[in-house]
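One structure is given below, encoded as structure tokens.
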Amino acid sequence: MFSVETLILVGGVLLLLGIASSKLSSRLGVPGLVLFLLLGMLAGSEGPGGIEFENYPLAYGIGTLALALILFDGGLSTPISTVKAVWKPALSLATVGVLITAVITGLAASWVLGLTLLQGLLLGGIVSSTDAAAVFSILRNGGVGLPKRIGSILEVESGSNDPMAIFLTIGCIELLTERMTFGPALFGLFLAQMVLGGLFGVGMGYLATWVVNRIELGAPGLYPVLVTTFCLLTFGLAAQFGGSGFLAVYIAGLVLGNQRIVFRGGIRVYHDAIAWLSQIMMFVMLGLLSFPSRLWDVAPQALLVALVLVLVARPISVWLSMLPFRARWKELTFISWVGLKGAVPITLATFPLMQDVPSAKLIFDVVFFIVVVSALVQGSTMAAVAGWLGLRQPTEPAPPVTLEISSLRQVDGEIVDFTIRPNSRAVGRLVKDLALPEGVVIALIARGDQVIPPQGRTEILAGDHVIVVLRPGTRPLVNQVFGGDDDSRGEIPAALEFPLRGSVTCAELHELYGILIEAPPEETLSQVMRRKLGGGTLKTGTAISFGPLLLRIRSLDTEGNIELVGMAFLAESEITQAERQQALKPGGAVKEDMPSVDLPSETKDDPSS
């Protein structure tokens, strides 16, 4: 029996080796979770470490806690725009896809391993979900650049498909132990998991936002701890009432991460560190649970089941569940390959052991073997497969410096770090020529290992990290200037007014924001408005429209000249028939490639546009 001091020392050594393994994994091109598992196996009873650990309830408890924290961090780091863009295909993969994967794998397992049909389906349900910890780790830290849509689908799917796998696992165990029969009770269990998990996630996410922004804590370090407390409360309450705690914490993190909260930067950094600690701790502990000699005994049969899972079940489930969404074959092929397995299947494989299900040890050993094969083969070849399919994209280098507002009160501003790509509209322009909205300031430019204080004649180059201080409402317009493609630029929302200086020219409006006004390029917004209004005394609040574009005088200087112009695109319902006709004339305004403003179909096809 180890003393407390010895346990602390062993824990410190394992954590240190785990951190070193994460660094080594990027150099070897092997997912970190494989090395973490290997480290646990080496430290286990059959390895050089000789640590005897076979406490499955404790492993289940630690694994559940770690996974909840990882999923919560995944939600915190996921923009709501990502979920809105891909929630339909991701939800289909997380439900229908998981079910198809479980059935096909379960049928194969029952035949290959000589299990009953229900025991085979239990094994299929255990390995049916894509592991969030593995996917988040590889996509966000593995240096594999992917198209935004594919990466978003994989992240949202992996964060939301665990409830389905857990339901299948618990349902099969209930049927095997004859505590439940197939019918309404089983369907009710599924409904409770999904509905209650979602409701608790949304409710607790908004409650956490309200409390964090209104409570006054003297020590800044308590804010991240407070947020972690809400993560644990969300999981516990959802599970207590029969919902999915995993779904609840992911949704709660998603809600909280997309709200304006105090000490936001510190909270994000803290939970990123907690997620890394949880990954290392969880995978090392699961490695301790394994017995290499038992894995070797089941290797031939387990390898065959793994091949069915990777090469048959996952591809069929992806193609069928993505059928309504008209995805390209390259996207489907890649998503099929990235069905990574990780901690969730191993944690779920402890359920049959704790419930004394027949063949539970065989199921655990086969699941562990499948996870190692999946992580090693699929995780290690992800970059190569993406390159072969022509989907791999260069990853953005990490900025050499960061800047953040550390405030314990709400402030009307945020700091954004833009990585300037070669196709950004800002490339080659001087800072003074960027025509940024009022209230937007470039605070710092990082170029290589240099920190450049921005001045008017500082030129923006591709590869620069431009750190911008801005008012939150101006972000969609600033994205147009610094974004490198349509995904990063996004849309300019209709009916949201942006402040621009009156000295901005029509040419700058077109080149930097993609907005075309049929007027001399050298004319400023101030001159255009004065000409349109026909001279005379100008007044604050006076507005004119160019089709769907609305310009309003926000402020005048001491000499009565237009100093600040408010620019907005009218919503479809606000555009009058006269304005529609105006958009068709040479004096009309057209925003190029702006999906948020729906002009009449004849306008989009008009050559003058």
Side-chain angles (χ1 to χ4, degrees), residues 1-28 30-74 126-127 131-138 140-142 162 271-295 340-351 353-354 364-365 367-376 379-380:
M1 191 68 178
F2 293 110
S3 65
V4 174
E5 293 80 4
T6 304
L7 288 174
I8 292 174
L9 175 61
V10 170
V13 171
L14 290 176
L15 275 177
L16 180 61
L17 292 175
I19 294 170
S21 298
S22 68
K23 184 69 175 178
L24 182 63
S25 68
S26 60
R27 294 188 178 183
L28 297 178
V30 177
L33 67 93
V34 174
L35 297 182
F36 298 155
L37 284 172
L38 179 61
L39 176 61
M41 293 170 70
L42 291 173
S45 57
E46 294 187 354
I51 300 175
E52 295 185 6
F53 181 74
E54 201 174 355
N55 190 330
Y56 294 107
L58 177 60
Y60 163 72
I62 295 176
T64 300
L65 173 61
L67 186 60
L69 292 169
I70 291 169
L71 285 170
F72 185 73
D73 177 67
I126 289 172
V127 297
D131 190 73
V135 171
F136 290 157
S137 176
I138 291 177
R140 297 181 181 181
N141 307 296
D162 291 334
H271 280 90
D272 184 57
I274 288 291
W276 270 110
L277 178 62
S278 298
Q279 282 190 58
I280 295 172
M281 178 179 64
M282 179 170 56
F283 286 115
V284 170
M285 180 202 64
L286 294 175
L288 286 171
L289 276 180
S290 70
F291 292 87
S293 60
R294 283 175 19 194
L295 295 180
L340 289 169
K341 311 305 170 188
V344 174
I346 300 177
T347 302
L348 292 181
T350 63
F351 285 21
L353 288 165
M354 292 187 294
F364 180 86
D365 293 337
V367 168
F368 195 99
F369 190 92
I370 290 173
V371 169
V372 174
V373 170
S374 171
L376 192 59
S380 301

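Side chains are part of it too, since the values below use all heavy atoms of this structure and drop only hydrogens, waters and symmetry mates.
Across every non-hydrogen atom of Tyr60 and Thr347, the tightest pair is CD1-CG2, 4.0 Å. Leu340 approaches Ala375 most closely through the heavy-atom pair CD2-CA, 4.3 Å. The two residues Val367 and Pro345 make their nearest non-hydrogen contact at CG1-O, 3.5 Å.
Counting only heavy atoms from C-beta outward, the side chains of Val372 and Leu38 never approach each other to under 4.5 Å. Between Phe364 and Ile346 the shortest side-chain heavy-atom distance falls below 4.5 Å.
The line from OG1 of Thr350 to CG of Leu353 is 7.0 Å long, rounded to the nearest 0.5 Å. Interatomic distance, Ile126 CD1 to Lys341 NZ, rounded to the nearest 0.5 Å: 12.0 Å. Distance check: Leu288 CG to Asn55 CG gives 11.5 Å after rounding to the nearest 0.5 Å. In this structure, the separation between CG on Asp272 and CG on Leu277 is 11.5 Å, given to the nearest 0.5 Å. Rounding to the nearest 0.5 Å gives a distance of 10.0 Å between CG of Leu67 and CD of Gln279.
Each of Leu65, Thr64, Leu58 was checked for a side-chain contact (heavy atoms from CB on, under 4.5 Å) with Ile62, and the lone residue meeting it is Leu58.
Ser278 contributes no side-chain N or O that, together with a main-chain N or O of Leu69, makes up a donor-acceptor pair within less than 3.5 Å.
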